[in-house]
There are 2 protein chains.
Amino acid sequence: MRDVARHAGVSVATVSRVMSGASNVAEATQSRVQSAVDALDFVPSPAARAINSGRTYMIGALVPTLDHAIFSRFLDALELTLADHGFSLVVATTNDDPEREAQRALDLLNLGVEGFVVSGITRSATFEALIKRHKTPVIATSYFDPNSETPTIGYDNGTAARQALHHLVDMGHSDILVLSGPTWNNDRTKARLDALTGCTQARLTVREIPVTVAAAADHVATIPAHITALLCLSDVLAQGALHGLRRCGLEVPEDISVIGIDDLPSSHSLWPPLSSVHLPVRRMGACAGETLAQWIETGERAAPINLETRLEPRASVRRITPA
Amino acid sequence: MRDVARHAGVSVATVSRVMSGASNVAEATQSRVQSAVDALDFVPSPAARAINSGRTYMIGALVPTLDHAIFSRFLDALELTLADHGFSLVVATTNDDPEREAQRALDLLNLGVEGFVVSGITRSATFEALIKRHKTPVIATSYFDPNSETPTIGYDNGTAARQALHHLVDMGHSDILVLSGPTWNNDRTKARLDALTGCTQARLTVREIPVTVAAAADHVATIPAHITALLCLSDVLAQGALHGLRRCGLEVPEDISVIGIDDLPSSHSLWPPLSSVHLPVRRMGACAGETLAQWIETGERAAPINLETRLEPRASVRRITPA
DNA sequence: ATGAAAGCGCTAACAT
DNA sequence: ATGTTAGCGCTTTCAT
């Protein structure tokens, strides 16, 4: 910047003014500086800028993985909203491992992120301490809990699971196999499962398997005969189940009914179209972005937001008359 | 930091040493400083750090959208690799709009990213100028062109399209409808289409529609009768076609064959399992991350890499005897 | 309208 | 092993 100043025959202060588009600079000087900038190919240093303003305009997002439609869809909406507010999105994946999450959070903090969007409400102690220290705003998503210490913007996972279950029960099913992803370190899944147990209207068998199409497809080969319906805690699982069932020669919904949770965009074009509980992840991304931006600009802690989930009954569940 | 130094009765230099984990600090002093740090809840400033080191350890990724499995899968692998090299990933979406891409690139540059990963090889003039100025390393992906000015790490889109076409031809099809996404500002799609035209072994009809399941499903209702096969330039389109065809009462592959390009993880569990051309996007993400990290650390411009695509014949294409 | 100068919070010589 | 000090590249009073 000194070079530019010299080249333009002005002071660094003036160059700084021009660079930040200040109003009180003479037209003539302005263009003289601009010429110098162009001539020297001057590019300002973000770090130096940040050190003075104290701002970086970066938000960190910590998600289990990017390789799952539910999270990437969420992030897409989040990024769009954040960009509207002048923020950029730094993403880091945690694989649902709290220690790794804390590690990545530290990395992002060292980059200078001004706020975090995280998944679920389970944090490692390290993470908590980090946040307390830096006083960084954090918003937890994919979960709603008005009493959580960090504000949550999400849906009630228990309700979502119950919506799926009740649909099955309404349709006359009482012998239900629940296909769940790992509950280990996954409070979203745990909340869904917890809401199911204690249900007295049906006999539930729970199986915990990896959240992959392949795992679900393989698993359904071992379904007990009395089962009439499959409640999959995520659409990926349901999609795998559909595939596996077909491989076994079973028809959905004639031989067995299947319902999922997520309502991925692709689910309604499966065969048969998958009944599912819709999770408003795009809305969640937009809300989280909006709210976090607000929090950072105003300093006022965000309020939790509960987004409604919605049953999408389609063809993969059929009505049966209890035996 | 001054405060910490005072509190610990040492100089700022010593605090700095402790903070950066230097070796030459006495045990005693070290813990004294640590206490002061804890007592004062001191957190170092990333900006100040960056201004001295001249490094930010941030990489920017510019992709059309996060809400498409092909890109999020790619980014997942990229993020993982980058993290291994100590870099963090800043993502921005461009919606395939060169102007928006340039705008977002500027934003990221102002954040301080040390390198870019972009999609395709079409850049706006603004973008080119920006890069020249900042001398930022850029790697173009999802495209292979050894002669491109910016190094490409990707696959040959033309080859991928031809692999799909040849499979159809090999199976006896000669009346083929090509379902393509918008070519406007999308050099990947354009390259696929270009490779197809000039093919003399089949009669090709090309239709350009939005890349959504719904658009494809709707479109297939208007297929000319003589068509025996659908070549979809992406799996999303193929998935929509499968759905739409079923709605029309047509059987795949009995009445009509369908092939896609992408080979998304979900494609082989569709019904019928979708024949597709596999695009190695995870490998591409890992390669791009590795290569860009290398480039930044060593200063040596990256070399282009061509990743092989691979035909995955499955059940959605059947052999026919030409009429 | 412009310039001089004092920082911002840290690192890296250099000195002790 | 520790302290002193000179910056890093910019912004921002405060003068003029």
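Note on naming: letters A, B, ... go to the chains in the order of the sequence lines (proteins, then strands), and numbering restarts at 1 for each one.
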Asks: Please state how far atom CZ in A:R55 lies from atom C1' in D:dT12, giving the value in whole angstrom units.
Replies: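 In whole Å, D:dT12 C1' lies 18 Å from A:R55 CZ.
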Asks: Using every non-hydrogen atom in the two residues, find where B:S88 and A:V90 come nearest and quote the distance to one decimal.
Replies: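 Smallest heavy-atom distance, with atoms named: CB-CG1, 4.0 Å.
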Asks: Taking C-beta and beyond as the side chain, do B:E290 and B:H85 meet within less than 4.5 Å on heavy atoms?
Replies: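 B:E290 reaches B:H85 side chain to side chain.
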Asks: Return the minimal non-hydrogen interatomic distance between B:T152 and B:P146, and the atom names on each side.
Replies: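 Scanning both residues completely, I find the closest heavy atoms to be OG1-N, 4.4 Å.
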Asks: Check the distance between C:dA5's P and A:R17's CZ and give it to me in whole angstrom.
Replies: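 About 14 Å, once rounded to whole Å.
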Asks: Looking at B:E128, I'd like to know if its CD atom is crowded, meaning that more than 12 non-hydrogen atoms belonging to other residues, nucleotides or ligands lie closer than 6.0 Å.
Replies: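 Count over threshold, so yes.
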Asks: Check the distance between C:dA4's P and A:M1's CE and give it to me in whole angstrom.
Replies: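 Rounded to the whole Å, the gap is 13 Å.
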Asks: By the 4.0 Å heavy-atom rule, please label A:R2 as base, sugar-phosphate, or nothing.
Replies: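 Sugar-phosphate only.
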Asks: I need the CG-C1' distance between B:N24 and C:dT11, as an integer number of Å.
Replies: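 That distance rounds to 13 Å.
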Asks: For B:R2, does the CZ atom sit with more than 12 other heavy atoms under 6.0 Å from it, leaving out its own atoms?
Replies: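 Counting other residues, nucleotides and ligands, CZ of B:R2 stays at 12 neighbours or fewer.
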Asks: Salt bridge or not between B:D3 and B:R6? Use side-chain N to carboxylate O under 4.0 Å.
Replies: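 Salt bridge present between B:D3 and B:R6.
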Asks: Taking only heavy atoms on the protein side, list every residue of residues 25-39 of chain A lying under 4.0 Å from any atom of DNA chain D, sorted numerically.
Replies: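 Close to the strand, none.
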Asks: Do the non-hydrogen side-chain atoms of A:F127 and A:L62 ever get within less than 4.5 Å of each other?
Replies: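 A:F127 reaches A:L62 side chain to side chain.
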Asks: Within residues 4-15 of chain B, find the residues that approach DNA chain D with a heavy atom at under 4.0 Å, and present them sorted by residue number.
Replies: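 When residues 4-15 of chain B is checked for heavy atoms under 4.0 Å from DNA chain D, the hits, listed by number, are B:G9, B:V10, B:S11, B:A13, B:T14.
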Asks: Whole angstrom is fine here: how far is it from NE2 in A:H134 over to C1' in C:dG9?
Replies: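 Rounding to the nearest Å, NE2 of A:H134 and C1' of C:dG9 are 15 Å apart.
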Asks: Just the rounded figure in Å: distance from P of C:dC10 to CG of A:N110.
Replies: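 Distance, rounded to whole Å: 12 Å.
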Asks: For B:D84, check side chain to side chain contact (heavy atoms under 4.5 Å, CB included) against everything at least two apart and list the hits.
Replies: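 Here no residue qualifies.
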Asks: Return the value, rounded to whole Å, for the distance between atom CE of B:M19 and atom P of C:dC10.
Replies: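 Going from CE in B:M19 over to P in C:dC10 covers 8 Å.
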Asks: Which atom pairs, donor and acceptor, lie under 3.5 Å between side-chain atoms of residues 42-53 of chain A and protein residues at least two apart or in another chain?
Replies:
unit_1 : atom_1 : unit_2 : atom_2 : d
A:S45  : OG     : A:A47  : N      : 3.4
A:S45  : OG     : A:A48  : N      : 3.0
A:N52  : ND2    : A:A48  : O      : 2.8
A:S53  : OG     : A:R49  : O      : 3.2
A:S53  : OG     : A:R55  : N      : 3.1

Asks: What side chain to side chain donor-acceptor pair (under 3.5 Å) pairs are there with at least one residue in residues 93-109 of chain A, not counting sequence neighbours?
Replies: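 Every side chain to side chain donor-acceptor pair (under 3.5 Å) pair that includes a residue of residues 93-109 of chain A, provided the two are not neighbours, is A:T93-A:R100, A:T93-B:E79, A:D96-A:N186, A:D96-A:R188, A:E101-A:R123, A:Q103-A:D107, A:R104-A:D107, A:R104-B:E79.
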Asks: Do you know the tightest heavy-atom contact between A:K190 and A:T183?
Replies: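 Scanning both residues, the minimum pair turns out to be CE-O, 3.1 Å.
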Asks: Residues of residues 43-54 of chain B with any non-hydrogen atom less than 4.0 angstrom from an atom of DNA chain D: list those, numerically ordered, please.
Replies: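 The answer is B:I51, B:N52.
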